[in-house]
Engineer: 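Have a look at the structure that comes next, please.
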Amino acid sequence: MPPDTQPGPGPDVEVVAEQVFTALADPTRRAILAALAAQGPATATDLAGRLPVTRQAIAKHLVLLAEAGLVRAEPGERRRVRYRLRSAPMRVAQQFLAALARDWDGPLDALKDHLDRTAREPGSTPIHET
């Protein structure tokens with residue numbers, strides 16, 4: 001997926017969302033993303049200096065974040081690689097959740113309406129009084 005663009009033909013939204021959710025499931029990866037969001041692009045060494053994790057562990061987490069498309073490696077001076085956030089996969093995951101919420105909203109609204117109608121019918125006993 002090109003950096004920070006809307007998804008078009010290409011990776012399945014569900015696949016991208018799964019990769020994002022898998023990446024976000026780990027607290028260290030969330031901390032890395034938060035550090036990049038707050039302080040901008042950084043190397044694994046920079047991030048290890050900010051977080052209570054070794055540089056080697058940070059590097060392994062950055063590989064998974066890059067595979068999920070959440071960060072992009074950019075070559076820097078003296079062979080140092082800096083990592084920058086990418087928002088496109090996060091937007092895909094948000095769209096997936098929004099679609100899921102829409103799918104739930106209709107049935108939940110219908111259930112609420114049914115329960116409200118049932119509660120207003122004469123002779124019906126409210127659930128909390130049974």
Side-chain angles (χ1 to χ4, degrees):
M1 213 180 324
D4 300 326
T5 58
Q6 291 292 334
D12 183 358
V13 170
E14 192 167 339
V15 171
V16 173
E18 180 180 352
Q19 291 174 327
V20 169
F21 299 144
T22 298
L24 294 177
D26 184 272
T28 300
R29 289 192 289 271
R30 290 193 306 270
I32 291 169
L33 292 174
L36 291 172
Q39 298 165 344
T43 65
T45 303
D46 296 336
L47 291 164
R50 299 177 199 163
L51 300 169
V53 182
T54 66
R55 193 199 69 73
Q56 292 82 4
I58 294 283
K60 288 180 181 181
H61 286 294
L62 285 167
V63 167
L64 195 141
L65 290 169
E67 288 172 356
L70 292 168
V71 299
R72 179 179 59 233
E74 299 175 339
E77 70 277 350
R78 293 181 292 188
R79 297 177 43 189
R80 293 185 63 167
V81 176
R82 298 178 70 76
Y83 292 86
R84 177 181 304 275
L85 283 179
R86 290 190 64 243
S87 62
M90 194 69 76
R91 284 197 304 269
V92 171
Q94 288 174 322
Q95 291 170 352
F96 175 83
L97 289 174
L100 192 60
R102 281 190 303 273
D103 290 346
W104 276 79
D105 287 346
L108 288 175
D109 288 343
L111 176 60
K112 180 185 178 302
D113 292 344
H114 171 74
L115 293 173
D116 288 346
R117 277 192 313 277
T118 303
R120 287 192 303 260
E121 290 177 1
S124 66
T125 305
I127 294 172
H128 66 276
E129 292 181 14
T130 57

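Everything numeric here is computed off the predicted structure, so don't read it as measured data.
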Engineer: Say you draw a straight line from CZ of Arg72 to CG of Leu36; how long is it, rounded to the nearest 0.5 Å?
Structural biologist: 12.0 Å
Engineer: Going only through I, L, V, M, F, W and Y residues with side-chain contacts under 4.5 Å, is there a path from Leu97 to Val92?
Structural biologist: yes
Engineer: Are Leu24 and Ile32 in one and the same hydrophobic cluster, where Ile, Leu, Val, Met, Phe, Trp and Tyr link if side-chain heavy atoms are under 4.5 Å apart?
Structural biologist: yes
Engineer: Please determine whether residues Leu33 and Val81 belong to a single hydrophobic cluster, defined as Ile, Leu, Val, Met, Phe, Trp and Tyr linked transitively by side-chain heavy-atom distances below 4.5 Å.
Structural biologist: yes
Engineer: The test is side-chain contact (heavy atoms from CB on, under 4.5 Å); show your working for Arg117 and Asp113 and say whether it passes.
Structural biologist: CA-CA 6 Å; Arg117 277 192 313 277; Asp113 292 344; 3.6 Å; yes
Engineer: Would you give the length of the straight line joining atom CG of Leu65 to atom CD of Glu67, rounded to the nearest 0.5 angstrom?
Structural biologist: 9.5 Å
Engineer: Would you say the side chain of Val16 lies within less than 4.5 Å of the side chain of Gln95, judging by non-hydrogen atoms?
Structural biologist: no
Engineer: Does atom CD of Gln39 have more than 12 heavy-atom neighbours, drawn from other residues, nucleotides or ligands, at distances under 6.0 Å?
Structural biologist: yes
Engineer: Return the set of residues passing side chain to side chain donor-acceptor pair (under 3.5 Å) with Arg29 (not counting sequence neighbours), or none when no residue passes.
Structural biologist: His61
Engineer: Given 3.5 Å as the limit, does a donor-acceptor pair link the side chain of Arg55 with the main chain of Ala48, or not?
Structural biologist: no
Engineer: Membership question, hydrophobic clusters at under 4.5 Å side-chain separation (ILVMFWY): are Leu62 and Val53 in the same one?
Structural biologist: yes
Engineer: Go through the steps for Asp46 and Tyr83 under the test side-chain contact (heavy atoms from CB on, under 4.5 Å), then give the verdict.
Structural biologist: CA-CA 10 Å; Asp46 296 336; Tyr83 292 86; over 6 Å; no
Engineer: Could you see if Val71 belongs to whatever hydrophobic cluster contains Leu51? Use Ile, Leu, Val, Met, Phe, Trp, Tyr and a side-chain cutoff under 4.5 Å.
Structural biologist: yes
Engineer: Between atom CG of Asp12 and atom CZ of Phe96, what is the distance when rounded to the nearest 0.5 Å?
Structural biologist: 9.0 Å
Engineer: Should the pair Asp116-Lys112 be classified as a salt bridge under the 4.0 Å nitrogen-to-oxygen rule?
Structural biologist: yes
Engineer: Holding to side chain to side chain donor-acceptor pair (under 3.5 Å), I want the full list of residues that pass it with Arg30, two or more places apart in sequence or in another chain.
Structural biologist: none
Engineer: Testing the basics here: between Ala42 and Leu47, what is the closest heavy-atom pair and its distance to 0.1 Å?
Structural biologist: CB-CG, 4.0 Å
Engineer: In this structure, which one of Arg86, Gln19, Met90 forms a side chain to side chain contact (heavy atoms under 4.5 Å, CB included) with Leu70?
Structural biologist: Met90
Engineer: What's the shortest heavy-atom distance between Val20 and Ala93, and which atoms?
Structural biologist: CG1-CB, 3.8 Å
